[in-house]
Amino acid sequence: MLKGKKILLGVTGSIAAYKAAFLVRELKKEGAEVKVVLTHHAKSFITPLTLSTLSENPVLIDWSNDQESWNNHVDLGLWADIMLIAPCSANTLAKMNTGICDNLLMGVYLSAKCPVAFAPAMDLDMYQHFTTKRNIQSLVDQGYHLIDAEEGELASGLIGKGRMAEPETIIEHCKLILGGKDQKKKFNQTKFLITAGPTYEGIDPVRFIGNRSSGKMGIEIAKTAKKMGANVHLVLGPSNENTSGLEEMEITRVESAEEMFNAVKTRLETTDIGIFSAAVADYKPKNQADQKIKKNDSEITLELVKNPDILKYAGEQKAKFGYKLIGFALETNNEIENAKSKLGRKNLDLIVLNSLQDKGAGFATSTNKITILGKDNKILKFELKSKAEVAEDILNTIADEI
Ligand code: PMT
C-alpha cells in the first residue's frame, strides 16, 4: 500500500536517529519513494551518507548547498504524500508547536500540505515534563499524527517511556494515515468490547492452569480500532505485553475466566461491536486449595469443572442489546468445519479462524494467518502478516461486511 507513495522523512537529534536507517530501508522495501531532511544535530547520530545510500536520494540539511543551489522547502513540502518526523526531539517538538523556523526541516514542515506524523524520542524526564506533554497535546489537537513513544530501557539507563516507536510501528501508522484519511471515521465513536489474552485458573496459591496466549492479537485489534475512531473497552487477561499505546482506552485487567465473564457481562448493554479474541480456559479446578499443595503422593487428581462460555453467552444476549459479535476459532484440524460450527452455535456475525497448522500463526508469535468466515458462507483468506496488519484486515472486514 506504500508503493509509489512519496515519503519525506525528517530526522532530528536523538540517539534513536540510528533507527531512521531501518525505517528508510523498510519504506523502500514497501516500494515508497523516500527523501530525507536532517537537522544539524541529527548528523551527530547518523551520517547523511547512510541515509542517502538507503533512500537513493540526496539528503538535505541546509537551505542551500555551498551557496550555489537553493533547497526549495516549499517544493519539498508539496512533493510529499506524508511527512514523518522520526525521531522527533523535544527541541523540534517545541519548534513545531511555536512555528520557530531556524532550519530547513522546520521550513519544510511549515510548508507541508500533506499529513504530518511525528514520533517523539527523548529521555524519561524530558518526556514527562509538562512542556513536552503540552507540546505533544497541542500538536495532536491541531491534527498532527502522534506515533507515541514506547516504554523500555533508555540511552541514559533509565527505564520508562521515551523510546521512539519501532520502524514497523511507524510504517503501520503511515499506512493507516495514508490508507484513508477517512479511515479514522470508519468506526467513529463506535463502542467496541474486546477480550484478549489467556486466563489463569488457580489450582493453589502458586499454580494455575493457563495457555500460551500472549494477548498480542487482541491488543493490536484494540489499538487499531482506537485509531479508526472507536471507543474501546479492552478486557485483558494476564498478559505481559507492553501496553503503551493503550492509554486512551478503558482496560479491565482480569485473571480467570470467571472474572473475564463478569467484566464482559456488565459491558454488553453498551456495546456496538464485540470481538472476543481471548483464549479462555474451558475448564477450571473444582476447588482451589488455600495452601500450596505438597508433593506427598506420587499422583494427584485434579477435578475440573466447566467455565462459562463467555462468547456463547454474548451470542445469546445479542438480540436483546443489538450489537454485532465476532469470535475467534483456534483450531488444529478440520479447521473450516469447526469454525463454521462455532459461528452457528455461538450466534456470531463473523468468525476469525487461525490454525496451529500454519507456521507463524496463533499463540505468542508477532504474526498470524487468518481466514474470516461469515454467516452467508463467505470465506475470506489472508496471507501470513504481522498481527497489526491482521488487526487491520479484521476491522476492515467488519466495516465492509457488517
Ligand atoms: O494472544 P496471542 O498470543 O496473540 O494469540 C492469539 C490467539 C491465538 C489466542 C487468538 O488469535 C485466538 O485464536 N483466540 C481464540 C482462542 C480460543 O480460545 O479459541 P477457541 O476456539 O477455543 O474459542 C472460540 C471462541 O470462544 C473464542 O472467541 C474465545 O474467545 C471464546 N471462548 C472460548 C471459551 C470460553 N469459555 N469462553 C469464550 O469466550
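Whatever order the structure lists them in is the order used to number ligands and atoms, beginning at 1. Given the structure is predicted, the values throughout are model-derived calculations rather than measurements. Quick note: numbers below take in every heavy atom, side chains included, and nothing from hydrogens, waters or symmetry partners.
Against a heavy-atom cut-off of under 4.0 Å, A329 is close to the following atoms of ligand 1: 21 (O). If you number the atoms of ligand 1 from 1 as listed, the ones under 4.0 Å from a heavy atom of S277 come out as 9 (C), 10 (C), 12 (C), 14 (N), 15 (C). Close approach to G362 involves these atoms of ligand 1, each under 4.0 Å from a residue heavy atom: 5 (O), 6 (C), 8 (C). Short contacts between ligand 1 and K387, defined as distances under 4.0 Å to a heavy atom of the residue, involve ligand atoms 2 (P), 3 (O), 4 (O), 5 (O). Per-residue contacts place K342 under 4.0 angstrom from the following atoms of ligand 1 (heavy atoms of the residue considered): 20 (P), 21 (O), 24 (C). Each of the atoms 1 (O), 2 (P), 3 (O) of ligand 1 lies under 4.0 Å from some heavy atom of G215. Within ligand 1, counting atoms from 1 as listed, the ones closer than 4.0 Å to a heavy atom of M217 are 4 (O), 6 (C), 11 (O). Close contacts of ligand 1 with S213, meaning ligand atoms under 4.0 Å from a residue heavy atom, involve 1 (O), 2 (P), 3 (O), 9 (C).
At a cut-off of 3.5 Å, with distance as the only test, no side-chain donor of T39 or N103 sits close to an acceptor on the other residue. Side-chain contact check for S341 and R345: at least one donor-acceptor pair (N or O, by modelled atom type) lies under 3.5 Å. N307 and D282 are not linked by any side-chain donor-acceptor pair at a separation below 3.5 angstrom, with hydrogens and angles left out of the test. Donor-acceptor pairing under 3.5 Å is recorded for the side chains of T252 and H233. Judged purely by distance below 3.5 Å, without hydrogens or angles, the side chains of T199 and E201 pair a donor atom with an acceptor atom. N262 and E258 form no side-chain donor-acceptor contact under 3.5 Å, judged by distance and modelled atom types alone. With hydrogens and angles left out, the side-chain atoms of S138 and N97 include a donor and acceptor closer than 3.5 Å.
The pair D349-K375 meets the salt-bridge criterion, with a side-chain N (NZ, NE, NH1 or NH2) lying under 4.0 Å from an Asp/Glu carboxylate O. A salt bridge does not link K175 with E172: none of the charged nitrogens is closer than 4.0 Å to a carboxylate oxygen. Under the 4.0 Å criterion applied to side-chain N and carboxylate O atoms, K387 and E392 are not assigned as salt-bridge partners.
Looking at ligand 1, you'll find an N or O of F276 within less than 3.5 Å of one of its N or O atoms. The shortest N or O to N or O distance between A278 and ligand 1 is below 3.5 Å. Checking only distances, N307 never comes within under 3.5 Å of ligand 1, N or O to N or O. Between F328 and ligand 1, at least one pair of N/O atoms sits closer than 3.5 Å. In terms of N/O distances under 3.5 Å, ligand 1 is approached by S214.
For F187 and F192, the gap between ring centers is short of 6.0 Å. The distance between the ring centers of Y144 and F118 does not fall below 6.0 angstrom.
Nearest-heavy-atom check against atom 18 (O) of ligand 1 across G218, G274, A279 picks out A279.
Under 4.0 angstrom from ligand 1, there are no non-hydrogen atoms of V352. Proximity of K312 to ligand 1, defined as any heavy-atom pair under 4.0 Å, is not found for any part of the residue. If you look at P308 next to ligand 1, the close heavy atoms, those under 4.0 Å, all belong to the backbone.
In this structure, atom 39 (O) of ligand 1 lies nearest to the protein heavy atom L311 N, 2.8 Å. Remark: minimum distance from atom 7 (C) of ligand 1 to any protein heavy atom is reached at N354 OD1, 4.3 Å. Nearest to atom 26 (O) of ligand 1 among the protein's heavy atoms is K346 NZ, 3.1 Å. Closest to atom 34 (C) of ligand 1, if we only count protein heavy atoms, is D282 OD1, 3.3 Å. When only non-hydrogen protein atoms are considered, atom 37 (N) of ligand 1 lies nearest to I310 N, 3.1 Å. Taking atom 35 (C) of ligand 1 as the reference point, the nearest protein heavy-atom neighbour is V280 CB, 3.5 Å. Scanning the protein for heavy atoms near atom 19 (O) of ligand 1, the closest one is L330 N, 3.5 Å.
For the pair E255 (side chain) and G237 (backbone), a donor-acceptor distance under 3.5 Å is absent.
Taking each heavy atom of D81 and P115 in turn, the nearest pair found is O-CD, 3.2 Å.
Both cation-pi conditions hold for K265 and F261: the charged atom is under 6.0 angstrom from the six-membered ring centre and inside a 45 degree cone around its axis.
Residue M260 places no heavy atom under 4.0 Å from ligand 1.
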